[in-house]
2 protein chains.
Amino acid sequence: MSRKRWHSVKEIRIADVARLAGVSTATVSRVLSEPGKVRQKTHDLVMEAVRRSGYIPDSTARKLRTRRTMTVLVVAPRLTNPVFAEILRGVDDELTQSGYGIIIGNLDNRREREARYVDLALSRQVDGVLLLTGYIPADGTRDMREGGLPIVALCAAIEDDAIPSVVVQDREASRRAVEYLAELGHRRFGYISGTPGSIIEHERFRGFCEGIAAAGFRQDEIVRWEGPFVFATGVAAAESFLAMKDRPTGIFAACDESAIGFIKRVRAERIRVPQDVSVIGFDGIEFADYTEPTLTTFRQPLHELGCVGADVLMKLIRGEMTAGDWNVRLPLTLLERDTTGPVLHKDYTSLRRSAM
Amino acid sequence: MSRKRWHSVKEIRIADVARLAGVSTATVSRVLSEPGKVRQKTHDLVMEAVRRSGYIPDSTARKLRTRRTMTVLVVAPRLTNPVFAEILRGVDDELTQSGYGIIIGNLDNRREREARYVDLALSRQVDGVLLLTGYIPADGTRDMREGGLPIVALCAAIEDDAIPSVVVQDREASRRAVEYLAELGHRRFGYISGTPGSIIEHERFRGFCEGIAAAGFRQDEIVRWEGPFVFATGVAAAESFLAMKDRPTGIFAACDESAIGFIKRVRAERIRVPQDVSVIGFDGIEFADYTEPTLTTFRQPLHELGCVGADVLMKLIRGEMTAGDWNVRLPLTLLERDTTGPVLHKDYTSLRRSAM
DNA sequence: TCGATTTTTGTAATCGATTACATCTTGAGA
DNA sequence: TCTCAAGATGTAATCGATTACAAAAATCGA
């Protein structure tokens with residue numbers, strides 16, 4: 001009753017328009033969805049009736065009949081991370097062209113929320129799913145796949161070969177990061193991780209280790225700090241770093257935010273970047289252009305990632321391709337900026353001591 | 001036909017479950033949506049059939065019949081702005097409790113996209129709308145309101161008294177910003193605007209002007225730089241600032257991002273913050289905690305804003321309140337940090353010259 | 001045990017569009 | 001003018017759930 005009030009102003013159905021135009025509902029429907037199927041004269045008559053009545057089709061009824069929702073679900077681990085916001089822009093730009101809408105599933109870093117979105121997808125509220133998260137469990141994705149839902153994984157290839165993926169070359173870039181630091185003369189390395197358990201983190205760490213090996217260093221010489229993809233992880237890493245005696249001089253962070261957190265914290269203790277410690281980030285978020293010093297990092301083609309991912313999903317939905325035989329791996333760009341530099345002293349800690 | 005393939009694996013309808021359990025569809029429906037209305041024995045029977053068949057109700061059909069979509073539309077001007085991401089978290093947290101889902105309408109700073117979301121709302125795809133944007137035209141909101149849709153405005157009171165709003169005290173805070181700068185001894189002020197035409201910008205500038213007047217300064221003594229709520233606006237303002245002869249010493253930016261852009265740019269020219277110029281931002285985004293120096297700014301209660309806004313919308317949808325007689329204005333907190341300080345010299349430009 | 005009442009379950013209408021199929025127009029060609 | 005195919009339009013079934021109403025079953029008191 002109270003709800004009724006909200007819908008009381010306009011309640012025009014297709015039948016009303018049909019009556020107004022003196023035609024059948026079928027004709028009205030055709031005018032609105034199959035242009036060219038009706039005679040010009042009738043068409044105009046109907047359009048006039050639509051205009052006059054202010055009729056807007058009920059999309060729910062349409063969806064029920066056509067079995068198409070014209071909506072896709074995008075599951076992201078966290079919205080406040082600019083990386084996802086940027087990818088989302090790409091997705092949005094692409095989907096809009098096909099007339100599709102987006103429902104955002106924000107996990108907010110809480111994995112237990114996944115179930116909700118699996119349900120949502122399985123109850124046929126969407127025509128497809130775009131996974132920006134790296135750790136949806138094989139279970140959920142399997143359910144969706146078996147439910148017959150097109151899925152595309154962005155950001156990280158899910159451990160499920162039947163799902164097409166569009167990802168960046170995380171591993172290659174991470175390897176390159178070490179190589180770059182080594183070229184600058186660094187010999188002791190630190191790694192600030194991303195969300196433990198996420199595939200992205202896994203890939204980046206793996207690339208880092210490969211780089212260490214390739215540069216001829218021993219695995220046990222590296223320091224690894226764990227934490228999610230947030231500023232605080234970098235701060236915590238810095239605390240640990242500051243307490244060390246034999247500090248690494250080349251730090252690779254699995255995301256820009258933790259790199260920035262790290263730098264902020266160590267600079268507060270008068271440690272200079274890059275003279276005392278070099279830091280290289282990952283992602284290339286816009287913030288990284290405005291930190292001081294400007295962060296050296298890998299720029300992800302985020303917008304492109306979103307566009308390509310959405311495009312693949314559209315093809316899947318339209319049945320223009322089969323799942324499983326489609327994988328894209330986009331390259332990253334190393335932005336050489338001001339938080340990395342050559343090693344100046346073998347042991348700057350002793351230098352600092354004398355300076356104090 | 002190709003579409004069919006995607007739905008071929010599971011096609012279990014409520015009738016199938018009913019047959020399997022040896023009851024009518026009505027009973028199955030009741031078990032699933034009106035617990036306690038069926039006998040325990042029947043209930044178990046049905047649940048077993050549901051479990052065995054893997055039945056998941058078709059939400060579209062349910063929506064059509066119940067006339068409730070259990071979804072709300074949230075229109076945001078731009079997703080990459082962390083302010084909106086944070087508000088969205090609050091909205092999400094609140095709506096989830098009521099079992100509601102979210103469709104995000106991202107304008108991406110392009111006003112012409114509004115029409116799309118007005119259509120979406122009017123075609124009954126959502127039960128309500130949350131407006132995070134400050135500039136949806138009166139037209140669109142009027143259409144929605146007349147279409148009988150509950151709407152709540154966040155971030156800025158729309159020029160439409162019939163719409164409830166939950167906002168922060170933009171004007172008061174902006175006035176306080178000037179007061180604060182004046183207390184520090186500043187006499188020449190600069191204002192970096194937000195997106196022209198947005199109500200938020202309008203309010204903040206108005207507060208700024210009120211502050212100027214209250215502190216006893218003349219309106220024509222202030223400098224105003226225009227641009228959207230992005231980093232680049234601050235950078236552009238800095239360029240202009242650097243080219244000035246008689247520079248202001250107290251700068252108020254309508255958002256943190258432009259404040260940060262400004263600071264980054266002027267520091268590149270060896271202008272010291274806050275010794276040479278004080279800057280105060282607005283929003284209190286997380287990144288502002290990590291800039292160097294740490295930004296002085298107003299912290300918005302973003303999460304709370306989202307929660308309260310969602311709560312009001314829920315009440316509207318449930319008919320527990322009437323539109324128009326509900327307005328909330330949340331206070332902001334001034335974070336006194338390191339980009340503001342007392343005026344050191346009347347004319348630092350001459351000082352700099354002699355130092356060079 | 002019986003009837004009245006309450007509880008549980010079933011039947012069928014309904015939500016508002018789309019669309020298969022049937023029917024009616026139209027226009028070209030004979 | 002008539003025939004026939006092509007094109008336009010109408011009728012009614014359909015999508016898959018919910019729910020008003022009816023009917024049946026269970027419960028209770030006398």
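Every chain is numbered from 1, with letters handed out A, B, ... down the list of sequences. All values below come from the heavy atoms of this structure, side chains included, with hydrogens, waters and symmetry mates left out.
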Asks: Measure from NZ on Lys37(B) to P on dT18(D) and round the result to the nearest Å.
Replies: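 Computing the Lys37(B):NZ to dT18(D):P distance gives 14 Å.
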Asks: Compare every heavy atom of Ser123(A) with every heavy atom of Pro57(B), then report the nearest pair and how far apart it is.
Replies: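 That closest heavy-atom pairing would be O-CB, 3.4 Å.
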Asks: List in chain and number order the residues that pass side chain to side chain contact (heavy atoms under 4.5 Å, CB included) with Glu34(A), two or more places apart in sequence or in another chain; answer none if no residue qualifies.
Replies: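 By the side chain to side chain contact (heavy atoms under 4.5 Å, CB included) rule, Glu34(A) matches Arg30(A), Lys37(A).
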Asks: Determine whether more than 12 heavy atoms belonging to other residues, nucleotides or ligands lie under 6.0 Å from atom CE of Met70(B).
Replies: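 Yes - once you tally the heavy atoms of other residues, nucleotides and ligands closer than 6.0 Å, there are more than 12.
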Asks: Please classify the nucleic acid contact of Ser29(A) as base, sugar-phosphate, or nothing, using heavy-atom distances under 4.0 Å.
Replies: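 The residue Ser29(A) makes base contact.
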Asks: Return whichever of Ala26(B) or Ala61(B) has its heavy-atom-nearest nucleotide of DNA chain D closer to the 5' end.
Replies: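 The residue whose closest nucleotide sits nearer the 5' end is Ala61(B).
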Asks: Nearest whole Å is fine: how far is dA17(D) P from Arg124(A) CZ?
Replies: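 Taking atom P of dA17(D) as the reference, CZ of Arg124(A) is at 7 Å.
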Asks: Can you figure out which of dC15(C), dT8(C), dA13(D) approaches the side chain of Thr42(B) most closely?
Replies: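 That would be dT8(C).
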Asks: Rounded to the nearest Å, what distance is computed from the CG atom of residue Leu32(B) to the P atom of nucleotide dT18(D)?
Replies: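 After rounding, the reported distance stands at 7 Å.
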Asks: Nearest-nucleotide wise, let me know which of Arg30(B) and Asp58(B) is further upstream toward the 5' end of DNA chain D.
Replies: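 First, find each residue's nearest nucleotide; the 5'-ward one identifies Asp58(B).
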Asks: If I take atom CZ in residue Arg62(A) and atom P in nucleotide dC15(C), what distance separates them, rounded to the nearest angstrom?
Replies: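 Spelled out: CZ on Arg62(A) to P on dC15(C) is 19 Å.
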Asks: Just the rounded figure in Å: distance from P of dA13(C) to CG of Leu64(B).
Replies: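 About 17 Å, once rounded to whole Å.
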Asks: Can you tell me how far C1' of dA8(D) sits from CD of Glu34(A), to the nearest Å?
Replies: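 That distance rounds to 12 Å.
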Asks: Answer yes or no: does a side-chain N or O of Arg67(B) lie under 4.0 Å from OP1 or OP2 of dC15(C)?
Replies: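 No, outside the criterion.
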Asks: Are the side chain of Asp127(B) and the backbone N or O of Thr69(B) linked by a donor-acceptor pair below 3.5 Å?
Replies: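 Here the side-chain-to-backbone pair exists.
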Asks: So which nucleotide from dT19(D), dA17(D), dT9(D) ends up closest to the side chain of Ile14(B)?
Replies: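 For the Ile14(B) side chain, the nearest candidate turns out to be dA17(D).
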Asks: Counting only side-chain nitrogens and oxygens, does Arg39(B) get under 4.0 Å of the OP1 or OP2 atom of dT9(C)?
Replies: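 Answer yes for this pair, as a side-chain N or O of Arg39(B) is under 4.0 Å from OP1 or OP2.
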Asks: Below 4.0 angstrom from OP1 or OP2 of dT11(C), is there any side-chain N or O of Ser24(B)?
Replies: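 Indeed not, no polar side-chain atom of Ser24(B) lies that close.
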Asks: Between Gln125(A) (CD) and dA17(D) (C1'), how many Å, whole number?
Replies: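 Gln125(A) atom CD is separated from dA17(D) atom C1' by 13 Å.
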Asks: To the nearest Å, give me how far apart CE (Met70(B)) and P (dT18(D)) are.
Replies: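 One finds 13 Å between P of dT18(D) and CE of Met70(B), rounded.
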Asks: If you check every side-chain atom of Thr27(B), which of dG10(C), dA17(C), dT18(D) has the closest atom?
Replies: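 So the side chain of Thr27(B) is nearest to dG10(C).
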Asks: Which nucleotide sits closest to the side chain of Pro57(A): dG10(C), dG10(D), dA17(C)?
Replies: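 Closest nucleotide among those given: dA17(C).
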Asks: Please check this pair: side chain of Ser98(B) against backbone of Tyr100(B), looking for a donor-acceptor N/O pair closer than 3.5 Å.
Replies: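 It does not hold such a pair.
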